[in-house]
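Take a look at the structure set out below.
Note that the numbering runs from 1 along the sequence shown for the chain.
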Amino acid sequence: MGGHFRLLLQVAFRNLFTSKINLLIGGIIFLGTLLVVVGGALLDSMDSAMSRSIIGSVAGHIQVYSDESKDELGLFGQMGGEPDLAAVDDFSRIKPVLEKHPNVKTVVPMGTSGALITSGNTVDLTLARLRDLYKKRAESGETPGLRENIDSLKAHVRQMVALMEEEMAKSSVLLSDTARSPEEKEALARARSDAFWSAFESDPFGSLEFLENRIAPQIPDGDMLYLRYAGTDLDRFQSTFDRMELVDGQPVPKGQRGMLLSKFFYEQYLKLKTARRLDLIQQELELNKKTIARDPQLQRWVKENQTQTREIVFQLDPIKTRLAVERLQKVLGSQEPKLDKLLSAFFATDDANFDTRYKQFYAELAPLLELYRLRLGDSLTITAFTKSGYVQSVNVKVYGTYQFKGLEKSALAGALNLMDLMSFRDLYGYLTADKKEELAELQKQSGVKAVSREDAESALFGEDSGNTLVAEATPGLINDQDTLHGAMDSLRRDDLTKRVYSQSEIEQGVVLSAAVILKDPEKLQQTLAELKQSATDAGLKLRVVSWQQAAGIIGQFVLLAKLVLYAAVFIIFVVVLVIINNAMMMATLQRVREVGTMRAIGAQRGFVLGMVLVETLLLGLVFGAGGMLLGSGIMAALGSAGIPAGNEALYFFFSGPRLYPSLSAGNLIAAFIIVMVVSAISTLYPAFLATRVSPLQAMQTDE
């Protein structure tokens with residue numbers, strides 16, 4: 001038996017490189033193996049990296065949400081907006097059930113939603129600061145320092161109005177008189193007049209109201225921004241997701257209302273547009289080695305910086321304008337007195353002067369400017385539609401910015417801003433402890449009684465209700481303002497931003513989902529099944545899903561990519577199988593004489609069958625090993641150098657600026673099995689034909 005197999009191997013080795021057909025078959029096997037090894041390893045590495053991004057940023061290993069939800073949970077959003085999830089009324093009920101499992105490390109409450117906010121226009125922001133100064137004067141009296149600040153801001157506003165008038169004069173050359181309404185012209189003329197500013201101090205709040213309502217809307221440079229936020233227990237979130245780090249500012253004080261903006265969102269949407277464009281150009285030049293001379297996108301940013309200087313001009317008060325002109329004249333070596341022309345010349349950057357201008361901008365101009373529309377420590381008014389459709393607003397103080405380590409440039413990870421759970425519940429339209437207290441106080445002040453839904457009709461219209469269907473007008477009998485004054489006033493005094501909530505207050509309320517962190521992630525599937533059973537046993541209608549399901553289409557990305565790869569591999573190997581099959585048939589026909597001679601000297605059909613099979617398997621083994629060897633070398637090189645994330649989307653899938661792929665034994669074993677199976681199957685029919693060759697056929701072929 002051993003000698004028989006040894007003979008087959010000798011024949012197979014002898015024929016391995018003697019035939020061009022064998023080399024063709026070997027080349028196909030080589031490329032197919034290379035594809036399986038490299039493609040499989042890359043997708044496995046990306047799957048691992050993406051799981052780190054999703055698990056470490058927001059999802060945890062498992063997500064739990066109400067089984068009565070209409071949609072599936074999508075932590076990164078979905079087509080058409082946020083998924084329609086039913087609320088879990090009391091997080092404190094589900095938390096102990098989940099934490100009871102021995103593999104559960106932490107449970108974090110959360111819920112996601114979104115709202116449109118405005119970044120505020122330059123005039124509005126300046127007027128708001130001026131209003132704050134007058135409020136401060138009204139409360140504490142005027143000081144020399146306060147007077148100086150007020151006069152400086154008033155001069156700034158006057159300069160803005162003058163600039164607006166100049167712009168109107170310029171635009172009148174291009175636009176018809178109907179482009180601006182008479183009311184706008186009249187308002188601008190009034191704001192420009194000395195009489196208006198002379199009378200300003202006699203009624204500062206009235207004057208400010210006029211400017212806010214009639215002048216500020218004429219400068220529509222504020223952007224409408226979509227703010228996506230997650231309401232969560234901020235302390236628990238930060239201690240659980242170790243990739244989260246504070247970048248600027250401070251954490252939201254424990255138990256207080258507040259917000260942390262994503263650093264990506266803060267830079268992308270709230271930074272001065274000119275500065276943001278300079279940052280992007282610098283990033284593309286340094287990281288991606290692009291050049292302004294060759295890249296149309298960089299050229300477009302340069303052009304926008306040259307032409308869109310109004311945001312800077314409007315930000316500067318008269319003193320800062322003079323300083324900016326002096327500094328720009330110095331760095332440009334120019335005597336041009338107009339700020340807008342100096343700015344246009346300064347931002348005319350190219351590959352030779354960009355680095356110098358970038359440094360000069362941050363050294364000379366940035367100290368005179370408000371680089372961000374929203375400063376840390378300011379309050380952000382968020383207005384959103386609640387689940388039931390009415391509008392709700394909350395003021396949330398922004399304490400700082402945060403980012404997930406390795407995902408700094410990812411738009412997916414950077415789209416989520418973090419909010420305290422109480423503010424989220426307000427915006428989502430559910431009663432918080434504050435709202436319940438407010439309603440109780442209103443009920444007490446008005447004297448109304450609670451009526452159940454079932455008894456509402458009889459209570460309102462029954463015989464014992466004392467009500468009549470036709471109401472008698474009683475003007476002046478009830479003064480709503482006086483009746484509700486106490487309750488509403490108490491709410492005004494109760495500054496919610498300073499209120500400290502206990503842990504039980506935070507946990508006893510509505511959440512949309514909960515992130516579960518496991519002690520041993522390897523037991524994910526087992527823990528999923530056991531948590532589902534625990535929820536059922538506790539009478540909780542919950543869906544328990546893995547991070548991959550909770551991430552929606554994002555989580556399925558690698559799975560889809562794998563399916564595409566496997567489909568491509570399947571098609572390739574079907575083609576390979578046909579090619580090998582045909583090639584082997586041709587090889588068999590070419591060797592009819594050899595096979596017939598073997599049969600004539602006593603070789604059995606089994607020997608011929610074995611000879612063809614061993615030859616093909618040896619081809620697969622040799623060339624497949626070559627493909628695996630080269631694939632291993634490619635993966636080792638990629639693993640050492642890393643694959644750069646060429647765009648913001650890949651930052652998330654690579655879990656950082658570079659993907660460092662690795663090759664596992666599973667990738668090699670899978671490639672080996674696929675090659676051997678395909679080689680064996682493709683040889684069966686040609687081998688069968690070879691066994692049918694007789695010595696007589698061999699002789700006829702020779703003739």
Side-chain angles (χ1 to χ4, degrees), residues 29-62 75-76 243 404-407 410 412-413 518 520-528 545-573 576 620 624-678:
I29 292 174
F30 177 85
L31 293 176
T33 309
L34 185 64
L35 174 66
V36 173
V37 170
V38 174
L42 282 177
L43 285 176
D44 284 349
S45 299
M46 194 184 296
D47 190 17
S48 176
M50 191 182 68
S51 68
R52 289 199 300 274
S53 294
I54 296 176
I55 293 171
S57 60
V58 65
H61 298 101
I62 292 173
L75 290 172
F76 297 93
R243 296 190 70 160
F404 293 111
K405 283 178 278 190
L407 300 177
S410 167
L412 268 175
L518 301 182
D520 183 3
E522 297 295 324
K523 297 179 180 178
L524 173 64
Q525 295 303 324
Q526 178 188 343
T527 309
L528 270 173
V545 298
S546 69
W547 62 268
Q548 208 160 23
Q549 290 174 274
I553 189 66
I554 302 299
Q556 305 298 321
F557 174 79
V558 171
L559 180 60
L560 292 174
K562 279 185 177 178
L563 291 176
V564 171
L565 173 71
Y566 293 147
V569 168
F570 176 77
I571 293 171
I572 289 171
F573 275 101
V576 167
M628 285 191 276
L629 193 62
L630 180 59
S632 301
I634 292 174
M635 292 308 300
L638 291 176
S640 175
I643 304 172
N647 57 56
E648 292 172 350
L650 286 180
Y651 268 82
F652 189 80
F653 296 119
F654 287 5
S655 193
R658 281 181 178 272
L659 175 68
Y660 294 94
S662 60
L663 181 66
S664 68
N667 299 126
L668 295 175
I669 292 171
F672 178 76
I673 292 174
I674 290 173
V675 168
M676 289 295 106
V677 169
V678 169

Side chains of F652 and I54 in contact at under 4.5 Å (non-hydrogen atoms): yes
Atom CD1 of I62 and atom CD1 of I55: how far apart are they, to the nearest 0.5 Å? 10.0 Å
Looking at CG of L668 and CD1 of I673, how far apart are the two atoms once the value is rounded to the nearest 0.5 Å? 11.0 Å
Test item: S640 side-chain N/O and A636 main-chain N/O as donor-acceptor pair under 3.5 Å: no
Calculate, to the nearest 0.5 Å, the distance between atoms CZ and CZ belonging to R52 and F404 respectively. 15.5 Å
Scanning both residues in full, the closest heavy-atom pair of S546 with L524 reads CB-CD2, 4.3 Å
Side-chain heavy-atom pair F30, L630 within 4.5 angstrom cut-off: yes
Atom pair CE/CZ of M50 and F653 - distance to nearest 0.5 Å: 6.5 Å
For F654, enumerate each residue passing the side chain to side chain contact (heavy atoms under 4.5 Å, CB included) test, keeping only those at least two apart in sequence or located in another chain. M46, I643, A645, L650, L659
Between I29 and G620 the two heavy atoms that sit nearest each other are CD1-CA, 3.7 Å
Can you tell me how far the OG atom of S662 sits from the CG atom of L638, to the nearest 0.5 Å? 11.0 Å
If you round to the nearest 0.5 Å, how far is CG of L518 from CG of L528? 8.0 Å
Closest non-hydrogen contact found for A671 with V37 is CB-CG2, 3.6 Å
Please name the pair of heavy atoms, one in R243 and one in G406, separated by the smallest distance, quoted to 0.1 Å. NH2-CA, 3.8 Å
Excluding sequence neighbours, so at least two apart, what forms side-chain hydrogen bond (donor to acceptor under 3.5 Å, both in side chains) with R658? none
Working for side-chain contact (heavy atoms from CB on, under 4.5 Å), residues D47 and Q548: CA-CA 10 Å; D47 190 17; Q548 208 160 23; 4.0 Å; yes
Can a donor-acceptor pair be found, under 3.5 Å and without considering hydrogens, that links the side chain of S51 to the backbone of S48? yes
For S57 and L407 the tightest heavy-atom approach is CB-CD1, 4.4 Å
Specify the closest pair of heavy atoms between S655 and A49, including all atoms of both residues, with the distance to one decimal. CB-O, 3.2 Å
